[in-house]
Amino acid sequence: MRQSKLFGRTLREAPAEAQTPGHRLMLRAAIARPLAAGLYTWLPLGFRVQKKVEQIIREEQDRIGAQEMEMPVLTPAETWKQTGRWDALEPITFRTKDHNGREFMVSYTHEEFVHLHAMQEIQSYKQLPQIVYHFQSKGRDEARPRAGLLRVREFVMKDAYSFDADQAGLEKSYAAEFGAYERTFQRMGLDAISVESDTGAMGGDVAHEFQVLTEVGEDRIAVCSNCDYRANLEKATRSVRRDGFEALDKAPEPSEIRTPGATSIEALQALLKRPPEAFLKTVLLTDARGTVVAVVLPGDREVNEAKLRKILGTSEVKFANDGQFAAAGGVPGFVGPVGLKARVLIDSSLDRRAFIAGANKKDTHLQNVVIGRDFRGEEVDVHDVREGDHCPRCKTGTLTIKRGVEVGNIFAYGTYYSDKMRATFVAEDGTQKPFVGGSYGIGVGRAVQTIIETHHDEKGIVWPPQVAPYHAHVLALPVNDADVRATAESLVAELEKRGIEVLYDDRDETAGVKFADADLIGIPLRVTVSKRNLKENLAELKLRSATDAEMVALAGGADRIADIVGSWPR
RNA sequence: CGGGGCGUGGCGCAGCCCGGUAGCGCGCUUGGUCUGGGACCAAGAAGUCGAGAGUUCAAAUCUCUCCGCCCCGACCA
């Protein structure tokens with residue numbers, strides 16, 4: 001490819017809106033361009049990367065026996081209504097109607113439709129297991145697209161769907177996808193770790209996210225210093241040292257203490273000279289329907305909203321308003337679980353010992369409040385894990401919180417969809433049984449930008465060879481020297497004959513511009529054919545990832561380049 | 001959705017407070033000198049100042065409304 005003809009030019013300065021290093025480089029190197037908030041066009045260079053990433057994903061899916069197919073972007077409303085997701089997804093999806101008024105959704109994902117096809121194509125357990133997948137655009141009307149390709153409103157996702165006859169089969173399919181994901185990300189140069197994740201509104205039990213740890217990520221991941229425990233903060237737990245049991249019997253009955261104006265844990269600490277763990281924090285919240293729930297936590301902990309939403313089975317959690325406070329018998333700033341008229345959730349990390357809690361009475365708290373004796377509630381894990389907490393798995397390590405980009409996820413949902421859609425097959429015993437399924441997604445564009453975020457230096461992108469837009473970048477210096485041009489062009493032709501992908505910088509630019517652009521675009525091998533080197537019949541080879549260059553004889557140049565390119569992982 | 005910021009040639013920005021008819025750098029075009037790390041000289045082209053309405057003799061500048069984009073948070077299988 002002649003660079004003088006390349007559609008897409010490099011930018012010396014990045015547009016002001018680009019914030020993350022990957023976003024800036026993606027724009028500067030002419031990988032992609034914005035069309036509107038969260039909508040991007042792949043330019044030719046970026047599109048080549050996208051196709052290579054897709055191909056790696058494809059090969060690893062094929063390796064585990066998954067079959068590629070393709071389902072439409074536009075999907076009919078009726079099927080979504082069968083599973084209740086037409087309404088549930090309303091706030092974050094794009095919708096349209098045809099000329100007859102029939103409703104469609106720009107598909108958010110394709111579980112419903114793959115089930116529809118599975119019930120048509122699979123009648124017998126003998127046809128199971130199956131995994132199918134496709135690469136398809138998804139529409140998500142995100143409230144806040146951000147950081148270039150990391151969060152967008154339309155993107156190509158590889159989504160795979162497994163169908164098994166039973167739970168044991170699902171576990172095998174899940175494990176196969178897990179392995180495929182590990183190989184897939186490794187091959188494209190992403191150091192993705194698997195973390196336990198929340199299954200969210202989808203139901204189901206087991207889910208893993210594949211996270212690439214980087215500061216630009218928007219997810220927060222708890223990572224153990226000692227073992228392999230890694231979990232999204234939406235799900236992470238901790239090991240709690242219980243040391244207050246003996247105090248239980250000795251605690252006297254609760255009694256009131258005057259705490260004028262002490263409406264926060266901090267104020268109480270200051271007033272009573274006690275550590276934050278001495279207090280119970282009680283928060284009044286409501287679910288989407290407005291039902292009030294009281295969450296009781298250690299004084300130094302916060303509610304984890306994701307955990308709470310899952311416990312309540314609701315799509316949103318809000319703070320209770322004044323009327324709801326009054327109805328529950330709570331006084332803002334002095335809320336406590338004793339005598340409260342609301343559903344009470346007790347965080348599972350709380351010790352069985354005497355606490356100080358709000359008295360539901362202005363300027364008053366209760367001391368010697370004991371869980372189980374003075375109030376009751378459901379014991380659940382609803383608190384936020386934080387840096388320094390003890391690992392729930394090995395108990396000895398401590399947790400650190402890191403940021404991550406979720407490049408893929410795998411999710412065993414079981415019969416969640418097949419039950420609702422009556423998607424069944426005939427089992428060995430002759431009865432109709434629902435498919436047991438899982439879904440497995442990878443965001444292609446997000447993966448591409450994450451590769452840039454994690455593979456660059458101050459000069460530009462440093463593509464892993466497997467996904468680089470071209471293998472070699474041939475620079476002619478200067479291009480208007482007839483000998484240089486003829487030599488460079490015959491080298492390019494010879495390389496292309498060997499199947500090497502070459503970007504040929506034939507632009508009439510100075511050396512500085514060409515080198516700077518080569519560094520910016522980040523093609524793994526740079527080949528310089530110059531007037532200077534030509535005198536000695538040499539060409540210069542330099543790996544983008546290396547600091548030193550190598551001089552080779554022009555005569556054997558193509559062989560040497562082919563060796564280098566051939567030595568790269570595929 | 002809450003909070004904040006920004007919209008001026010393709011990109012980065014100044015001008016706005018204090019109204020007088022738009023400027024700088026990069027890029028682009030033509031000619032020339034150059035050619036191993038973002039060259040130099042000369043001559044050019046290119047802007048409904050996000051949109052609409054209002055105030056005024058006069059609006060990029062003041063007022064109002066709307067739109068778009070970015071950041072933080074919320075939200076996001």
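Every chain is numbered from 1 and lettered A, B, ... according to where its sequence line falls, protein lines coming before strand lines. Values reported hereafter were calculated over all heavy atoms of this structure, with side chains retained and with hydrogens, waters and symmetry mates removed.
Residue contacts for A:A14: at a heavy-atom cut-off of 4.0 Å it reaches the sugar-phosphate backbone alone, with no base atom in range. At the heavy-atom level, A:L11 lies nowhere under 4.0 Å from the strands shown. Among the heavy atoms of the strands lying under 4.0 Å from A:R526 is at least one base atom, whether or not backbone atoms are also near. Contacts of A:N409 with the nucleic acid, taken as non-hydrogen atoms under 4.0 Å apart, include base atoms. When heavy atoms are screened at a 4.0 angstrom cut-off, A:A476 is found touching no nucleic acid atom at all.
When each of A:Q3, A:R2, A:M1, A:R526 is tested with A:D505 by the rule side-chain contact (heavy atoms from CB on, under 4.5 Å), just one qualifies, namely A:Q3.
Going from the C1' atom of B:rG5 to that of B:rG9 covers 24 Å, rounded to whole Å. When the P atom is compared between B:rA22 and B:rC66, the two are found 31 Å apart, to the nearest whole Å. Only the P atoms considered, B:rC67 is 26 Å distant from B:rA59, to the nearest whole Å. B:rC6 and B:rG50 are spaced 13 Å apart, taking the P atom of each and rounding to whole Å. Across the P atoms, B:rU30 and B:rG7 are found 33 Å apart, a figure rounded to whole Å. B:rG15 sits 12 Å from B:rC62 when the P atoms are compared, rounded to a whole Å. B:rC11 and B:rC17: their C1' atoms are spaced 28 Å apart (whole Å). Remark: the separation of the C1' atoms in B:rG27 and B:rA39 is 15 Å, to the nearest Å.
Looking at which nucleotide of RNA chain B each of A:R28 and A:R140 is closest to, the 5′-most match is held by A:R28. Both A:H23 and A:E406 lie near RNA chain B, and the one whose nearest nucleotide falls closer to the 5' end is A:H23.
With hydrogens and angles ignored, no donor-acceptor pair closer than 3.5 Å exists between the side chain of A:T528 and the base of B:rG36.
With a cut-off of 3.5 Å on both pairing distances, B:rC49 has no Watson-Crick or G-U wobble partner at all. The pairing partner recorded for B:rA39 is B:rU33, the criterion being a Watson-Crick or G-U wobble arrangement whose two distances lie under 3.5 angstrom. Across all strands shown, the partner of B:rG2 is B:rC72, judged by Watson-Crick or G-U wobble contacts whose two distances both fall under 3.5 Å. Pair check for B:rG54 finds B:rC62; Watson-Crick or G-U wobble, both atom distances under 3.5 Å. B:rG7 is paired with B:rC67 under the criterion used here, namely a Watson-Crick or G-U wobble arrangement in which both key atom distances are under 3.5 Å. The base-pairing partner of B:rC17, taking Watson-Crick or G-U wobble contacts with both distances under 3.5 Å, does not exist among the strands shown.
Nearest to the side chain of A:R146, among B:rG36, B:rC71, B:rA77, sits B:rC71. Minimum atom distance to the side chain of A:P15 is reached by B:rG12, of the listed B:rG38, B:rC69, B:rG12. Looking at the side chain of A:D519, the nearest of the listed nucleotides B:rC70, B:rA77, B:rG37 is B:rG37. Counting only heavy atoms from C-beta on, A:N533 has its side chain closest to B:rG36 among B:rG36, B:rC70, B:rG37. Checking B:rG37, B:rC71, B:rG36 against the side-chain heavy atoms of A:Q19 singles out B:rC71 as nearest.
Around CD of A:E215, the count of heavy atoms belonging to other residues, nucleotides or ligands within 6.0 Å does not exceed 12.
Residues A:K542 and A:T547 come closest through the heavy atom pair CE-O, 3.9 Å. Closest heavy-atom contact between A:G438 and A:Y413: C-CE2, 3.5 Å.
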Do A:S439 and A:E111 pass the side-chain hydrogen bond (donor to acceptor under 3.5 Å, both in side chains) test, and can you show the C-alpha distance, the side-chain angles, and the key distance before you say yes or no?
CA-CA 8 Å; A:S439 67; A:E111 277 87 4; 3.0 Å; yes
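Side-chain contact check for A:T214 and A:E453: no donor-acceptor pair (N or O, by modelled atom type) lies under 3.5 Å. With hydrogens and angles left out, the side-chain atoms of A:H208 and A:N409 include no donor and acceptor closer than 3.5 Å. Looking at A:Y440 and A:S162, their side chains do bring a donor and an acceptor atom within 3.5 Å of each other.
At a threshold of 4.0 Å, the pair A:R58-A:E68 counts as salt-bridged, since one of the basic side-chain nitrogens sits closer than that to a carboxylate oxygen. Ion pairing of A:K158 with A:E60 is absent here, as no side-chain N (NZ or NE/NH1/NH2) approaches a carboxylate O to less than 4.0 Å.
Ring centroids of A:F104 and A:W80 are separated by 6.0 Å or more, keeping the two rings apart.
Of all the residues in residues 538-551 of chain A, A:E540 reach under 4.0 Å from RNA chain B with at least one non-hydrogen atom.
For the OP1/OP2 pair of B:rC72 and a distance below 4.0 Å, the side-chain nitrogens and oxygens of A:R144 include at least one atom meeting the criterion. A close approach under 4.0 Å does not occur between any side-chain nitrogen or oxygen of A:Y413 and OP1 or OP2 of B:rA77.
By the 4.5 Å heavy-atom criterion applied to side chains, A:F210 and A:T184 are not counted as neighbours.
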Reading nucleotides 25-35 of chain B from the 5' end, what letters show protein touch, with B for base, S for backbone sugar-phosphate only, - for no heavy atom under 4.0 Å?
BSS------BB
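With rounding to whole Å, A:L25 atom CG is found 19 Å from B:rC11 atom P.
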